[in-house]
S.K.: 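The structure is given below, and queries will be raised subsequently.
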Amino acid sequence: MALTDEQQAEIDAARGEAGRTLRPTVPALEAMLFQAMPVLDHGFVRVIDYMGDDSAVVQAARVSYGRGTKAANEDRGLIRYLMRHRHSTPFEMCEIKYHVKLPIFVARQWIRHRTANVNEYSARYSILDREFYIPAADALAAQSDVNRQGRGGVLEGAEAARVLELLREDAQRNYDHYAWMLNADEAGRVLDPERQGLARELARMNLTLNTYTQWYWKTDLYNLLHFLSLRADAHAQHEIRVYAEAMLETVRAWVPHCFEAFSDYRVGAVTLSAQMLAIVKRMLDGEAVEQAGSGLSKREWRELMAMLGRPA
């Protein structure tokens with residue numbers, strides 16, 4: 001992911017400005033402000049602004065006047081209690097705003113999370129860049145035989161080469177047609193003064209879904225963690241998961257106590273149904289439980305065995 005000289009100059013100018021504030025700030029996140037974290041081949045994630053820190057969660061929970069009324073270890077303990085017992089509103093007191101550059105098909109998946117404020121680059125008013133997501137060779141996977149929305153083994157050889165060739169050709173050809181219909185290049189310069197050109201809001205329909213778009217995405221910490229619990233999961237689609245993993249690093253810098261609790265009670269934890277818990281208790285009592293007599297479906301049984309690190 002390469003930024004233009006103009007884009008880098010804008011970032012440098014923003015980072016060069018400093019202002020005095022009475023608001024709580026987080027040095028580790030301040031160091032990351034405005035900088036583009038590369039994702040995929042042309043994408044990025046940037047933190048643009050934030051409000052609150054670990055102390056804001058504690059302050060809201062205690063409804064205290066200051067940034068915290070207890071020792072740091074007690075603040076950490078309270079945050080872990082709130083996370084463990086699935087409290088929500090204290091974590092909603094922190095907010096963060098990202099600037100994200102991402103392929104359109106990833107954006108359409110991402111927008112399913114309706115708990116954020118979003119403003120996307122408008123192809124009705126502007127011309128999209130000639131940039132497309134082309135997967136790395138090890139990301140070209142076949143359809144899974146057991147999961148209708150998952151991937152199987154990696155494509156190899158001539159088939160993989162042909163897929164990459166088609167992705168590049170189709171994206172370039174469709175963009176060329178997009179530019180012809182607009183009668184304008186990426187900079188908005190007229191290509192043929194003898195033609196009017198199609199309206200931007202209509203010409204955009206011809207672009208491929210791997211074309212890059214951009215948006216500002218603002219959300220509170222509670223909903224951000226919910227998003228990350230789903231999209232940073234190993235089962236999430238690779239192309240959105242790498243964005244979530246980049247955002248996790250910003251959360252680690254921003255609210256380290258919340259991040260620690262989230263890692264322990266969400267990312268590193270499992271949820272057992274009542275039936276699963278009953279089976280675990282039977283196993284602890286020394287009973288040899290089999291799937292056939294467990295009351296669980298084959299899929300539930302496989303999931304339970306995976307949680308326990310046992311063969312299904």
S.K.: Do you reckon Met305 sits in the same ILVMFWY cluster as Val270, going by side-chain contacts under 4.5 Å, direct or chained?
M.R.: yes
S.K.: Can you name the one residue among Ile48, Asp49, Val45 that meets side chain to side chain contact (heavy atoms under 4.5 Å, CB included) with Tyr98?
M.R.: Val45
S.K.: Please work out which of the three classes, parallel, tilted or perpendicular, describes the rings of Phe105 and Tyr133, given edges at 30° and 60°.
M.R.: tilted
S.K.: Flag the pair Asp192 / Trp180 as yes when at least one side-chain heavy-atom distance between them is below 4.5 Å, and no otherwise.
M.R.: no
S.K.: Is there a salt bridge (Lys or Arg N to Asp or Glu O under 4.0 Å) between Arg130 and Asp176? Walk through the geometry before answering.
M.R.: CA-CA 9 Å; Arg130 186 188 285 268; Asp176 287 342; 2.9 Å; yes
S.K.: Run the ring-centre check on Phe259 versus Trp254 and record whether the distance is less than 6.0 Å.
M.R.: no
S.K.: Salt bridge (Lys or Arg N to Asp or Glu O under 4.0 Å) for Arg80 and Asp264? Distances and angles first, verdict last.
M.R.: CA-CA 9 Å; Arg80 293 179 66 82; Asp264 290 344; 2.8 Å; yes
S.K.: Heavy atoms, side chains only, cut-off 4.5 Å: are Arg241 and Arg231 in contact?
M.R.: no
S.K.: Within the structure provided, determine whether Ile96 and Leu221 are in side-chain contact (heavy-atom separation under 4.5 Å).
M.R.: no
S.K.: Between Arg162 and Glu159 (salt bridge meaning N to carboxylate O under 4.0 Å), is one present in this structure?
M.R.: no
S.K.: For residues Thr213 and Leu102, determine if any side-chain heavy atom of one lies less than 4.5 Å from a side-chain heavy atom of the other.
M.R.: yes
S.K.: Taking the basic N atoms (NZ, or NE/NH1/NH2) and the acidic carboxylate oxygens, is any pair closer than 4.0 Å for Arg252 and Glu260?
M.R.: no
S.K.: What about the rings of Phe44 and His99, do their centers lie closer together than 6.0 Å?
M.R.: yes
S.K.: Mind checking whether Met32 and Thr250 have side chains closer than 4.5 Å, heavy atoms only?
M.R.: yes
S.K.: According to side chain to side chain contact (heavy atoms under 4.5 Å, CB included), who are the partners of Ser126, at least two apart in sequence or on a separate chain?
M.R.: Tyr121
S.K.: Between His85 and Tyr81, does the ring centre distance come in under 6.0 Å?
M.R.: yes
S.K.: Please confirm whether the ring centroid of Phe227 lies under 6.0 Å from the ring centroid of Trp217.
M.R.: yes
S.K.: To the closest 0.5 Å, what do you measure between CG (Asp220) and SG (Cys94)?
M.R.: 9.0 Å
S.K.: Measure the spacing between CD of Glu92 and OG1 of Thr89 and express it to the nearest 0.5 Å.
M.R.: 6.0 Å
S.K.: Consider only side-chain N and O atoms of Arg266 and His226, and report whether a donor and an acceptor are under 3.5 Å apart.
M.R.: no
S.K.: Rounded to the nearest 0.5 Å, how far does CG of Leu304 lie from CD of Gln291?
M.R.: 11.0 Å
S.K.: Decide yes or no for Leu272 and Met307: does some side-chain heavy atom of the first lie under 4.5 Å from some side-chain heavy atom of the second?
M.R.: yes
